[in-house]
Amino acid sequence: MTEINEASVRAEVRAWLETNWNPALGLVEWRNKLCDSGWGAPHWPKEWYGRDLPVGLVPVVDEEFARIGAVGVAKAGIRTLAAATILAHGSTLHKEKFLRRILTGEDTWCQLFSEPGSGSDLAGAVTRADLKGNKWVINGQKVWNTSAHKAHWGLLLARSDWDARKHKGLTYFIIDMKQPGVQVHPLKQMNGHASFNQVFFTDAIVEPEFMIENTGDGWTVATTTLMHERRGADGMRSLASGGGRQGRIYEEEKAEIATTMEPYKWYPQRAGRVDLVMGRARETGAIDDPVVRQEIAKLLIMSKSAEWTARRARTAQEQGRPQGPEGSLGKLIASHVARAAARVHTSITGAASLLSGEDGPLNGTIAEILISVPACSIAGGTDEIQRNIISERVLKMPKEPSVDAEKPFRDVPRNITSAAS
Amino acid sequence: MKFSFTSEQEEFRSILRRFLEGKSPTKEVRRLMETDGGWDRDAWKKINQEIGLTAVAIPEAYGGQGFGCSELCIVLEEAGRTVLCAPLFASTFAAYTILDAGDEAQKKALLPGIASGETVATVASTEESGNWDPESVRMTATAAGGGYKLDGVKSFVIDGHTADLIVVLARTAQGLSLFTVRGDAAGLQRKLLKTIDTTRKLAKLTFTAVDATPLGPVGGAAAPFARTLTRAAVCLANEMVGVAEKLRESALDYAKMRMQFGRPIASFQSMKHKQADMLVDVEMAKSAAYYAAAAVDDGDSDLPAIASLAKASASDAVLQTAIHTIQIHGGIGFTWDNDSHLWFKRAKSSEVMLGDAAYHRELMMRRWAA
Ligand SMILES: Cc1cc2nc3c(=O)[nH]c(=O)nc-3n(C[C@H](O)[C@H](O)[C@H](O)COP(=O)(O)OP(=O)(O)OC[C@H]3O[C@@H](n4cnc5c(N)ncnc54)[C@H](O)[C@@H]3O)c2cc1C
């Protein structure tokens, strides 16, 4: 076997793309080719649509896709969390049924973890899962579930055992969202978008084979999902690949962005759009203001260091070494960057930063940053929870004494009337 | 300098608080912010008949109540607490401009209407640059016949699309000058701007040969308008600390009520520290805002620096408090139905209104480092 390195990967993917890439193909048709060749998710296992490529070489593949303008597999959103969770914990059936359609973008996913009474305290979930006959019956409510109104499938954390301790009574399911027992109500956010939802279950059904791992393993599986969510917490940039190029596939990708990807439209803004800072500073002349320059410089130092911290963590991983503490910091750092970026955008754009829609600079993008950034330090685990994780798991500081983790869950004090028996 | 509220002032505050909480519950704020006008003319008249808000600091000779800036700032702080949707700040700003720049006849003619709430007035000084320094003004006024004609564009004009009377800052051959223009003047095009803070509307005004009447001596606006801007900054700082304190209180109430991990989130030390920091920020900003209002009433010669200090302090404090408040609410704080964002957005718009913190720190340093 020849050695795999940057040059060999680049040559191989380039040759493959030059032979196969064709913008006249349909989006799903092309993505199926990517699944078959393994170039769509090259770091995935060979037997599941990948090529076992080290993570560190994936950017080389991305660069070659970008160079030729090739569309990639569906990447954005909760589907990536679904894929990671299924790859780590799913059965062969799960992998066969779901992975390909995740990559082709045919299926959309949502994450059904948070509840009105349990957000930071996810393990306090009270949505019930009861085994009746040979089916799981689900009752209860979830909330803040991004793209649940678009989703075909949901990653569900539910309580199957009320006598077990809090973290031991949970089970993880894949639930069909398109069934009568599942009701989805979009919730409007402070930035005017409605990308997250309330989800109500009334005797919703889960087939037994759609449980992931075993009953009582829900918390362990959820931890995998959360770890991937927190790792991927950098800002999405542009979703489109075409860059103004023509072709059927670009049209279909645009349509996908406008429909299934619509809930993620504002996600780049919530990360602060550091990429817009220098351009805006030049346009407005703020680049010559010594005070603003200092603020921009501080932001760039922070965001570059954040990028390199993430790269350090990836490099360790790709070399098969355990990640150091740098691997647990990304989510918290992303919040710092987003908040600093919002401040800098305000300094640069001044009063005009208030103007939204067509009245505002960049069609209101700056204003949208200011009212979207607050989500960054809440979604996917709040900054405070990240600090707890860093201090307790990385720094091994003593845990806060727990008042609820050691007793049977039915005896734990809760603040909302729950579906508990 | 005497620097605490008298029992009469405290009494005034508590009456106002009850009054404004009744007039401006968030349900009413949400109703008005969805309208293009942003406020309700009948309700505004009624508020002024019942208690008199814009009248507070207008001298009795011009139909006002003749109180000082401290009393006016109590009104603004309480209005900030309820994010009152009304042309209060705009009319206050305009009334101060007329008091500072107008001649006796103009004050007699213009102020009683503003004091009664009959006339809604505003100030149009900033242009599309968003720069609050009067020196940046480009709009020109040219003598024509016996009067003046205005040409140019003003932006970020508070309630500019609904005001009956607009005080405009423009350039003439003699220098910076103020003018009054009727809201419905021919050649004046008014456009409501889309902004993130719909609780206080901003407009863009395009003037094409609009007839205007000089306010005070032509070419003599720089000094009086500088005084006005100073007082306006003090007023806004006081409104902002009202916004900040309300945010802080709502975060505290929520933290005490919300349970996670089997206990109130308020029992987590990180939440306590955040609340303590918020209290420090808000109390410091309040002290600066109150001190600045007292400095206006005392005729303190250092007022311009003190006013900028108060505005800078309030800008930083209100924004930080707003960010913490949403954070403490978690997911629900990011929703439209939760009220936090109403205050958050008012905080954001006030932060940059009349100049951001960096701008005011620089103004302060120009005085104190000179
Ligand atoms: C834009 C957005 C998208 C989201 N998408 C999804 C989704 O797709 N699926 C899903 O399941 N959820 C989703 N969420 C929910 C999100 O994960 C929760 O909002 C978050 O975990 C916080 O939970 P909470 O809202 O219940 O706040 P709470 O947990 O009530 O937190 C309130 C405050 O208390 C603090 N706090 C709580 N516990 C502690 C502690 N132990 N120590 C110190 N401070 C503490 C928090 O940091 C916060 O400041 C989304 C949220 C947002 C804003």
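Just so we're on the same page: letters track the sequence lines, and every chain starts at 1.
Ranked by heavy-atom pairs under 4.5 Å with chain A, the list His341(B), Glu128(B), Arg361(B) is led by His341(B). Comparing Ala342(A), Gly364(A), Ser377(A) by how many heavy-atom pairs each has under 4.5 Å with chain B, the most go to Ser377(A). In terms of heavy-atom pairs under 4.5 angstrom with chain B, the leader among Ile378(A), Thr349(A), Leu354(A), Val412(A) is Leu354(A). The most heavy-atom pairs under 4.5 Å with chain A, out of Lys204(B), Lys191(B), Lys274(B), Arg263(B), come from Arg263(B). Considering only heavy-atom pairs separated by less than 4.5 Å from chain A, the leading option among Met353(B), Glu351(B), Glu362(B), Lys345(B) is Lys345(B). Counting heavy-atom pairs under 4.5 Å between each of Asp289(A), Leu187(A), Thr346(A) and chain B puts Thr346(A) at the top. Interface check for chain B: of the options Ser347(A), Ala375(A), Ser114(A), the most heavy-atom pairs under 4.5 Å are formed by Ala375(A). Between chain B and the options Ser353(A), Gly119(A), Gly192(A), the largest number of non-hydrogen pairs under 4.5 Å is found for Gly119(A).
Note that CG of Leu193(B) is 9.0 Å distant from OG of Ser356(A), once rounded to the nearest 0.5 Å. Here Leu202(B) contributes atom CG and Leu355(A) contributes atom CG; the two are 7.5 Å apart, rounded to the nearest 0.5 Å. The CD atom of Glu384(A) lies 13.0 Å from the CD atom of Gln269(B); values are rounded to the nearest 0.5 Å. Rounding to the nearest 0.5 angstrom, the gap separating the CG atom in Asp316(B) from the CZ atom in Arg343(A) is 9.0 Å. A distance of 11.0 Å separates CZ of Arg339(A) from CG of Leu319(B), quoted to the nearest 0.5 Å. Here the CE-CG distance, from Met190(A) to Leu342(B), works out to 9.5 Å after rounding to the nearest 0.5 Å.
Looking at Phe261(B), the atoms closer than 4.5 Å to chain A (heavy atoms on both sides) sit in the backbone and in the side chain alike. Heavy-atom distances place both the backbone and the side chain of Asp383(A) under 4.5 Å from chain B. Of the atoms belonging to Ile326(B), heavy atoms from both backbone and side chain fall under 4.5 Å from chain A. Contact annotation for Ile366(A): neither backbone nor side-chain heavy atoms come within less than 4.5 Å of a heavy atom of chain B.
The backbone N or O of Gln260(B) lies less than 3.5 Å from no partner atom in the side chain of Asp121(A), so there is not a single donor-acceptor pair. When atom types are taken as modelled, the side chain of Asp359(A) and the backbone of Lys194(B) share a donor-acceptor pair closer than 3.5 angstrom.
Among the residues in residues 327-336 of chain B, those with a non-hydrogen atom closer than 4.5 angstrom to a non-hydrogen atom of chain A are Gln327(B), Gly330(B), Gly331(B), Ile332(B), Gly333(B), Phe334(B), Thr335(B), Trp336(B). Within residues 367-374 of chain A, the residues having any heavy atom under 4.5 Å from a heavy atom of chain B are, by residue number, Ala367(A), Leu370(A), Ile371(A), Ser372(A), Pro374(A).
Pairing each heavy atom of Ala351(A) with each of Val352(B), the nearest pair is CA-CG2, 4.0 Å.
Heavy atoms of other residues, nucleotides or ligands lying less than 6.0 angstrom from CD of Gln189(B) number 12 at most.
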